[in-house]
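Structure, as structure tokens:
Naming convention: chains lettered A, B, ... in sequence-line order (proteins, then strands); numbering from 1 in each chain.
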2 protein chains.
Amino acid sequence: MTNALAFAALADPTRREVFERLARGPLPVGELARGLPVSRPAVSQHLKVLKEAGLVTDRPDGTRRVYQIDPQGLGQIRAWLDRFWDEALEAFKAEVERDDDTQDTETGNKP
Amino acid sequence: MTNALAFAALADPTRREVFERLARGPLPVGELARGLPVSRPAVSQHLKVLKEAGLVTDRPDGTRRVYQIDPQGLGQIRAWLDRFWDEALEAFKAEVERDDDTQDTETGNKP
DNA sequence: CTCATCCGTTAGCTATGACTTACGGTAAGT
DNA sequence: ACTTACCGTAAGTCATAGCTAACGGATGAG
């Protein structure tokens with residue numbers, strides 16, 4: 001699975017916070033770290049993880065480095081979730097119907 | 001965020017495997033652990049995490065315990081992702097347009 | 001050229017999580 | 001009643017993730 005990295009990346013709360021801030025617009029690392037309860041190198045490491053997961057892209061801007069959401073990574077995880085959603089819901093419905101069949105006689109019974 | 005638990009739960013590869021198996025239909029713990037590279041108690045612990053994240057439900061069946069996907073938990077994480085998707089894509093488009101404005105003085109490129 | 005700013009990387013510490021083994025509890029079969 | 005099957009939980013071990021402090025490289029201003 002390609003999106004395994006994406007799920008692992010979004011698991012950390014600090015990384016989620018960084019990602020949500022970037023969703024409102026591109027930001028350099030320093031400004032991104034300002035207001036967060038962790039140091040700047042920590043944010044830099046988180047950004048590295050997010051980048052390897054395909055969730056963000058970076059671009060040099062003078063002495064700064066601007067990070068930005070990568071729609072592609074977000075699209076991949078969304079696609080996986082959609083496929084999974086259909087599969088799980090179908091199995092769920094099938095089980096509900098089967099439960100309706102066994103509703104007359106209670107505990108153990110065979111068809 | 002309520003779905004923080006869901007993301008953390010789906011981060012672990014073993015838990016992802018368990019979850020994907022359950023997507024194809026309900027299963028008891030023993031049969032779920034059969035074929036996985038970890039022990040049965042490990043699977044039981046994973047199921048506990050998935051349950052607390054609202055991703056699965058369990059139901060006693062004699063001496064066994066049958067686990068099943070909970071569409072509600074999957075729906076919540078999907079809703080969050082959808083909202084996030086719109087927000088991020090809008091910011092992304094805005095940035096692309098702004099990039100078009102600064103194309104004259106920069107390293108020129110425009111379709 | 002020199003200085004200051006901004007950033008990525010490394011080393012090292014600590015905390016968290018995933019796993020196994022061992023145990024107790026419940027339900028079904030004989 | 002006894003045995004067997006199935007499961008959850010507790011204790012303990014080991015690996016890994018996240019963090020800080022310190023360092024070095026690149027860019028822009030003076």
Is there a side-chain contact between A:Leu27 and A:Gln68, using heavy atoms and a 4.5 Å cut-off?
no
Quick one, give me the B/S/- string for nucleotides 22-30 of chain D, reading 5' to 3', where B means a protein heavy atom under 4.0 Å from the base and S means that only happens at the primed atoms, P, OP1 or OP2.
B----SS--
Give the first and the last nucleotide of DNA chain C, reading 5' to 3', that has any atom under 4.0 Å from a heavy atom of chain B.
C:dA18 to C:dA28
Atom-to-atom span, NE2 of B:His46 to P of D:dG8 - whole angstrom
13 Å
Atom-pair distance (CG on A:Leu36; P on D:dG18), nearest Å:
15 Å
Between A:Arg15 and B:Glu31, the residue closer to the 5' end of DNA chain D by nearest nucleotide is B:Glu31
Rounded to whole angstrom units, what separation is found between the CG atom of B:Asp58 and the P atom of D:dC6?
18 Å
Check: B:Tyr67 and B:Arg59 side chains under 4.5 Å, non-hydrogen atoms
no
Taken to the nearest whole Å, CZ/B:Arg59 to P/D:dC6 is 17 Å
Tell me: CZ of B:Arg34 to P of D:dA5, nearest whole Å?
12 Å
Relative to each other, are the rings of A:Phe7 and B:Phe7 parallel, tilted or perpendicular (30° and 60° limits)?
tilted
Stacked cation flag A:Arg16 on B:Trp80, 6.0 angstrom / 45 deg
yes
Spacing between B:Asp12 atom CG and D:dA17 atom C1', to the nearest angstrom
13 Å
Transitively linked via ILVMFWY side-chain contacts under 4.5 Å: B:Leu89 with A:Leu50?
yes
Atom of B:Arg21, atom of B:Arg34 and distance for their closest heavy-atom approach:
NH1-O, 3.3 Å
Would you mind reading off the distance between B:Arg65 atom CZ and D:dC7 atom C1', rounded to a whole angstrom?
9 Å
Tested for side chain to side chain contact (heavy atoms under 4.5 Å, CB included) against B:Leu10, the lone hit among B:Leu5, B:Asn3, B:Ile77 is B:Ile77
Intermediate values then yes/no, salt bridge (charged side-chain N to carboxylate O under 4.0 Å, His left out), A:Lys51 and A:Asp70:
CA-CA 9 Å; A:Lys51 182 181 177 182; A:Asp70 185 2; over 6 Å; no
Heavy-atom distance under 4.5 Å between the side chains of B:Phe19 and B:Ile69, does that happen here?
yes
